[in-house]
Amino acid sequence: MPRTVQFAEYGDPEVLTVVDTPAPEPGPNQVGVQVRAAGLNPIDWKIVAGFMREIQPIDLPAGVGSDVAGVVDAVGSEVTGWAVGDAVLGRSVTGAFAEYALAEAGELVAKPDGIDWDVAGSLAGAGGTAYAVLDELDLKSGETLLIHAAAGGVGTFAVQLARARGVNVIGTASEGNHDHLRSIGATPVLYGDGLLERVRAVAPQGVDAVLDASGHGEIPLSIELTGNPKRVLTIVAFDQADKGIQVHVGGAGASLGKALGDIVALISDGRLQVSVSASYPLEQAAAALAASRTGHATGKIVVLP
């Protein structure tokens, strides 16, 4: 029987086990995928730890992961856009840390031959979120965007997607990540005390919008820099909603298909880079979550069935 990573109780990554389960059967508008790679996002270990149980209740035992790439193995009765044998990438509706998973047909795009499986399996969560928040900030070519935690998963995608739209990007990060940010088109600044002055030094013309992927107290200075809380958006500092800023939850939402299509095109054109820092077999899914939980990964972490 196919193998699937599951957890039957909330806790540390060690609660994960690999179990034998029947291959899931697709519904009318779903596609069955034989998984080749599944990217890990911070939300995955937060769900396993129980941090999201009030916001995103689930029935246990449950699978893990939603970023997926693989080969279509079965199609639902209403699906017309996919056929068995197609190479696809996108978001799954069952745990992606598995040999087989299900996805909604509209949440997949074709995987080009030139994109490796591990990269293809790493796009939907961070890439889709970055795409959606840039749309919400309504950025125009020539504007300047400040991204807090620009070297992280969402931040790295957001830098490159914003640059592809003609937006100037300033990114906060530790000094060790400054060369990386320069290589993808951002002007790096060190986070911490004195950040407001450092940003003003590199952007004397001002900052038009801010994306907060850090959540370490940067909202007040972000509002001061933009002069407009509506042009400050956070994906982590949910307790700051009363400041009048935008708060984004839910990843790419309905824009996922378009987001993935544009991201794949940029990767194929050499205009967007995705770094994979480590890959783990299913049996080491707990180690993968533990590595993500440290917050020190410099690229995407991928589970390979």
Side-chain angles (χ1 to χ4, degrees), residues 5-7 9-18 37-53 55-56 58 62-68 95-98 118-119 121-130 147-160 171-181 183-184 186 188-193 195 211-218 234-239 249 251 273-305:
V5 174
Q6 289 186 345
F7 63 106
E9 60 180 327
Y10 294 113
D12 291 335
E14 288 71 23
V15 301
L16 298 182
T17 59
V18 179
L40 194 157
N41 295 296
I43 189 69
D44 297 326
W45 66 258
K46 292 176 183 179
I47 289 173
V48 172
F51 298 161
M52 310 297 291
R53 72 179 82 180
I55 302 171
Q56 189 174 332
I58 56 176
V64 184
S66 59
D67 280 14
V68 71
F97 295 3
D118 55 357
V119 170
S122 303
L123 304 181
T129 298
I147 302 176
H148 297 300
V154 172
T156 297
F157 277 101
V159 168
Q160 297 176 89
T172 71
S174 63
E175 191 168 356
N177 284 316
H178 284 194
D179 285 344
H180 166 64
L181 290 183
S183 74
I184 60 175
V189 293
L190 185 66
Y191 61 73
D193 292 342
L195 176 59
L211 166 57
D212 171 40
S214 167
H216 289 103
E218 294 91 348
T234 185
I235 60 172
V236 283
F238 304 133
D239 60 340
V249 294
Q273 306 167 30
V274 180
S275 171
V276 175
S277 62
S279 59
Y280 296 81
L282 282 183
E283 293 80 6
Q284 295 180 23
L289 258 68
S292 175
R293 194 168 183 171
T294 67
H296 299 312
T298 55
K300 293 295 296 185
I301 296 172
V302 182
V303 173
L304 304 174

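Since the structure is predicted, the reported quantities are computational estimates derived from the model, not experimental observations.
One distance of note links CG of Asp44 with OG of Ser66; it measures 6.0 Å at 0.5 Å rounding. Atom CG of residue Asp67 and atom CD1 of residue Ile43 lie 11.5 Å apart, to the nearest 0.5 angstrom. Atoms OG1 and NE2, on Thr172 and His216 in that order, are 10.5 Å from each other to the nearest 0.5 Å. For the atom pair CZ (Phe51) and OH (Tyr10), the distance works out to 12.0 Å, reported to the nearest 0.5 Å. Note that CG of Leu195 is 6.0 Å distant from NE2 of His148, once rounded to the nearest 0.5 Å. Distance check, rounded to the nearest 0.5 Å: CD of Glu175 to CG of Leu190 gives 6.5 Å.
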Can you check side-chain contact (heavy atoms from CB on, under 4.5 Å) on Ser214 and Tyr191, steps first, answer last? CA-CA 10 Å; Ser214 167; Tyr191 61 73; over 6 Å; no

Criterion side-chain contact (heavy atoms from CB on, under 4.5 Å) on Ser279 and Asp118, from CA distance to verdict:
CA-CA 8 Å; Ser279 59; Asp118 55 357; 5.8 Å; no

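Pairing each heavy atom of Ala96 with each of Val68, the nearest pair is CB-CB, 4.1 Å. Across every non-hydrogen atom of Ala149 and Ala213, the tightest pair is CB-O, 3.6 Å. When every heavy atom of Phe97 is checked against every heavy atom of Ala38, the shortest pair comes out as CD1-CB, 3.7 Å. Minimum heavy-atom separation, Ala158 to Ala130: N-CB, 3.6 Å. Ala37 approaches Val302 most closely through the heavy-atom pair CB-CG1, 3.9 Å. Closest approach of Leu181 and Pro188 over heavy atoms only: CD1-CB, 4.0 Å.
Counting heavy atoms from C-beta outward, Thr234 and Glu218 have side chains that stay 4.5 Å or more apart. Counting heavy atoms from C-beta outward, Phe157 and Leu123 have side chains that approach closer than 4.5 Å. Using a 4.5 Å cut-off on side-chain heavy atoms (C-beta onward), Ile235 and Asp212 make no contact. Two residues are said to be in side-chain contact when any heavy atoms from C-beta on lie closer than 4.5 Å; Leu16 and Val48 meet this criterion. No side-chain heavy atom of Pro13 sits under 4.5 Å from any side-chain heavy atom of Trp45. Residues Lys300 and Asn41 meet the side-chain proximity criterion, which asks for heavy atoms closer than 4.5 Å. No side-chain heavy atom of Val64 sits less than 4.5 Å from a side-chain heavy atom of Gln6.
With sequence neighbours excluded, the residues forming a side-chain contact (heavy atoms from CB on, under 4.5 Å) with Tyr280 are Ala278, Gln284, Ala287, Ala288, Ala291, Ile301, listed by chain and number. For Asp12, the side-chain contact (heavy atoms from CB on, under 4.5 Å) test picks out Glu14, Arg293, with sequence neighbours left out.
Of the residues listed (Val303, Val18, Thr17), the one engaging Val5 in a side-chain contact (heavy atoms from CB on, under 4.5 Å) is Val18, and it is the only one.
Panel note: side chain Ser277, backbone Gly299; a donor-acceptor pair is recorded below 3.5 Å.
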